[in-house]
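Atoms within each ligand, like the ligands themselves, are counted from 1 in listed order. Keep in mind the model is a prediction, meaning the values are calculated, not measured.
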Amino acid sequence: MTFQSHETRYVWFGDKIVESNMALIPAQSPSARYGLSVFEGIRGYLCVDKSVINVYRLVDHISRLFRSADKLSIPILQSPAEIIQAVIETMKANKIESDCYLRVDILSTQSGSWHSLEPGTLSITVTRSAKDDKLDSRIQSAAITNWKRIDESQMPPTVKAGANYINSRYGYLDVKAGGYDVPIFLNLEGNVAESSGACIMAVIAGQLITPPLSAQILESITRDTLITLSGDSEFIVTERDIHPEELLKASELFLCGTAVEIAPVTSLGGIQIGFGSPGKVTKEMFERYLSEVRRPSGSDSNIYLSKS
Ligand code: PMP
């Protein structure tokens, strides 16, 4: 196995650090056969004073991991505090001193079928991830996919399960075939839900709006951060159902999520949104988000690592 430059050498697998090519799961496992897993994608940010890396809202991510595992009855052998420690150990083993992206997975690696109740295996990987801080390079084209977002009554989108991303994949393949970058899913009621790997926010009639948690979306940590950050701005986020027709009248539209952070969407199904470039509110929220995640002192759920 060869490594790309951004990949790192060591991963946490089970109860220890191993070389990443040693982190293998059986082909017969429920994860391999049925996509049974829960996971989190988390970002670490080098703070402005460059003295610490802020693993942004790590405690909240690990709480969501436990909620997901609980809902699917996948026992986790470690406590939240032990997983947090394992994240730090994995970063240290790889000498991470800059922005990074972490994946914490609970994999179902024992033999058994999709109904296995065996404990999951903890897997933590970290990659160096230098995303540029310019909004223009992040512009996406979107289209509403014909696929509907998974529904709470069938496969809860609030559970961050690996298999949920098969629904994301259908939507992605659908719009990609039409030449667009990302899908926007409607829910079974016909209202806007979310994208394939991010939530959405739109400026409609001068108001910054995002679909509510009841719209069949992941309880996004980035969305929650932006709602808080908007609190003392002139664009307080309103959570309400959005009809797809309204999106076409939006003056701004953007994706938000840990991986994408904030990405402007400047066209929907080939129709230009606003002026076809990142708008004022998107820029303001992006600046607020970057200064929040790179802040050397933050909330209790920020974990600080000494770089030395
Ligand atoms: N929705 C979906 C389907 C996602 O995969 C993600 C990325 N985890 C998000 C929303 C954004 O969630 P978060 O801000 O917690 O990363």
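- Note: an N/O pair closer than 3.5 Å links Thr222 and ligand 1 by distance alone.
- In terms of polar-atom proximity, defined here as any N/O pair under 3.5 Å, Ser195 makes no such contact with ligand 1.
- Per-residue contacts place Cys199 under 4.0 angstrom from the following atoms of ligand 1 (heavy atoms of the residue considered): 10 (C).
- If you number the atoms of ligand 1 from 1 as listed, the ones under 4.0 Å from a heavy atom of Glu194 come out as 1 (N), 2 (C), 3 (C), 10 (C).
- Short contacts between ligand 1 and Lys160, defined as distances under 4.0 Å to a heavy atom of the residue, involve ligand atoms 5 (O), 7 (C), 8 (N).
- In summary, Arg169 and Asp174 do not engage in a salt bridge, as defined by a charged side-chain N under 4.0 Å from a carboxylate O.
- For ligand 1, the polar-atom distance check against Cys256 finds no nitrogen or oxygen pair separated by under 3.5 Å.
- A salt bridge links Glu194 with Arg149; the closest basic N to acidic carboxylate O contact falls under 4.0 Å.
- Judged by the shortest distance from any of its heavy atoms, Ala198 lies inside the 4.0 Å radius around the atoms of ligand 1.
- Ligand 1 lies within reach of Ser196, whose nearest heavy atom is under 4.0 Å from it.
- Considering Lys71, Arg67, Arg64 as possible partners of Glu219, the one that fulfils the salt bridge (charged side-chain N to carboxylate O under 4.0 Å, His left out) test is Arg67.
- The shortest N or O to N or O distance between His61 and ligand 1 is not below 3.5 Å.
- With respect to the salt-bridge test (charged N to carboxylate O, under 4.0 angstrom), the residues Lys148 and Glu189 do not qualify.
- Close N/O approach between Glu219 and ligand 1 is not found [any backbone or side-chain N/O within under 3.5 Å].
- For the pair Arg288 and Glu284, the salt-bridge criterion is met [side-chain N within less than 4.0 Å of a carboxylate O].
- When each of Ile236, Ile227, Val203 is paired with Leu208, the side chain to side chain contact (heavy atoms under 4.5 Å, CB included) condition holds for Val203 and for no other.
- Ser63 contributes atom OG, which lies 10.0 Å from atom CZ of Arg57 (distance to the nearest 0.5 angstrom).
- The option from Ala193, Ala259, Gly257, Gly197 that lies nearest to atom 7 (C) of ligand 1, judged by heavy atoms, is Gly197.
- Closest heavy-atom approach to atom 15 (O) of ligand 1 within the set Glu261, Arg223, Arg64: this belongs to Arg64.
- What sits closest to atom 16 (O) of ligand 1 on the protein, heavy atoms only, is Thr258 OG1, 2.6 Å.
- Interatomic distance, Thr8 OG1 to Met91 CE, rounded to the nearest 0.5 Å: 10.5 Å.
- Remark: ligand 1 atoms within the under-4.0 Å shell around heavy atoms of Arg149 are 3 (C).
- Here Asp132 does not pair with Lys134 in a salt bridge; the nearest charged N to carboxylate O distance is not below 4.0 Å.
- Protein heavy atom closest to atom 5 (O) of ligand 1, with residue, atom name and distance, is Tyr165 OH, 2.4 Å.
- Taking the six-membered ring for Trp, Phe185 and Tyr170 have ring centres at least 6.0 Å apart.
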